Amino acid sequence: MNTGKRIGMLVSQLEGLLTAPWAQRRALEVASLAGLLAREVPSHSAVLSAEAWADGPGAEPLANAVASLDLAKVVSDLEQMDPTAEPEEQVLPLFQFDEVCAGLHWAGAGEVAGQLVEAVKPTVRAFPEVWSPFAQVASRLLASVEPECQDPGLGLWRAIEATSFEAAHFAPDAPRALRGRVELGLGAYVVLPPPAPPQMELRAASDALENVPVYRVLGEDEDDVQVLLETPPRAPPRLIIYAPAGSRVELVGLELRQEADDEWSAEAQTGEFELVVDDTTWPIVIE
C-alpha cells in the first residue's frame, strides 16, 4: 500500500475512534492505531491527541486492556498460521500480531511486546519457507519506519526479512558451511562486491523494492546468534549481528554500533576480524 494512503487510513481510523463515545471500550485498538502511526509520523497531531487521551480518560481502560491481554493466545494465533491458505489470509494474523505489539509499545508496555516477539522468532527461523513470502512486505515496512523508532515489534519484521537472505561464500578449508550451526574456530570467508557506480535518478515510493539491499548469511548458531552481510545498492556493505538482548557483543578490528537490544552493525571492511558474543569467538575474513 502507498505510504501516504496508509498513513491517511491510520489517521482517519484513529481520529474517528478518539471522538467516538465507545473509545474507552476499545482502548487497545486506540493504542494500536497510535503505535502504528507513531512509527512513521511520531509528531502527527492524531498521535498527540491519542497521547492526551491516554493521559486522561483513556488511562484506566488502557491499563486494564493491557493487563487483561491474553499473551499466549496472541502468540499461538500467529504460530498456527495456515501455510496452505491464500496469501491474503496468511498475512492477516501477522498484521494482527504486529498491531498488538505496536499498541503495547505505545502504551508503555514495550517490554511485553519484546517478549512476544522473542517467543515467535524461533518459529520464523525454524520454518523460513513459511515466512519468506512476506520478506518484501517486511522490507517495505521497515523502510517506512522512522530511524529512531525503538518499537520492539519491528524485530519480527527483521526476522521475516531475514528469511530471504542468501547463503554465504565460505573458505575452501571450512569443514562445513556456517549456515545451520557455527562452531568455535570455524571461519567465515566472504568477498565484497565492487561498489556500484553513482546514479542520480528520481524514484516513486512504489519502486522502493528495487533499492532493497541484498543479504548473505555468514553464520548462525543454536544460541540465536546470526551474522549477516548487507549489501545496499548505493551504500557501503555492512555486517549485521543479531544476538539475544543483554549479550556482550564485540567485533575485534571494526567499530560496532548497537542498533537495537538484539542487533549490532559495523561497516564491512576487508581484513581478518573476530566476533565475540559473551564467551564464544568466531573468526571472519572479508576480502
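Computed from a prediction, not measured in an experiment: that's the story for all the values here.
- Shortest non-hydrogen contact noted between Ala159 and Val124 is O-CG1, 3.8 Å.
- Between Glu161 and Arg158 there is no salt bridge, since no side-chain N of the basic residue sits under 4.0 Å from a carboxylate O of the acidic one.
- Ring to ring, Trp157 and Phe95 are close: their centroids are under 6.0 angstrom apart.
- Put simply, NZ on Lys5 and CG on Leu10 are 12.5 Å apart, with the number rounded to the nearest 0.5 Å.
- To the nearest 0.5 Å, atom NE2 of residue His44 and atom CD1 of residue Ile7 are 7.5 Å apart.
- A side-chain donor-acceptor contact under 3.5 Å links Ser49 to the backbone of Ser45.
- With Thr280 contributing its side chain and Val276 its backbone, the two residues share no donor-acceptor pair below 3.5 Å.
- Leu62 and Leu48 end up in different hydrophobic clusters when Ile, Leu, Val, Met, Phe, Trp and Tyr side chains are linked at under 4.5 Å.
- Both Phe127 and Leu94 are members of a single hydrophobic cluster when ILVMFWY side chains are connected at heavy-atom separations under 4.5 Å.
- Counting only residues at least two apart or on different chains, the salt bridge (Lys or Arg N to Asp or Glu O under 4.0 Å) pairs with a member in residues 92-106 are Arg39-Asp98.
- Between the CZ atom of Arg238 and the CZ atom of Arg257 there is a distance of 8.0 Å, given to the nearest 0.5 Å.
- For the pair Asp262 and Glu118, the tightest heavy-atom approach, listed with the atom from each and the gap, is OD2-OE2, 3.7 Å.
- Of the possible donor and acceptor atoms, none in the side chain of Ser247 sits under 3.5 Å from a partner among the backbone N and O of Ala243.
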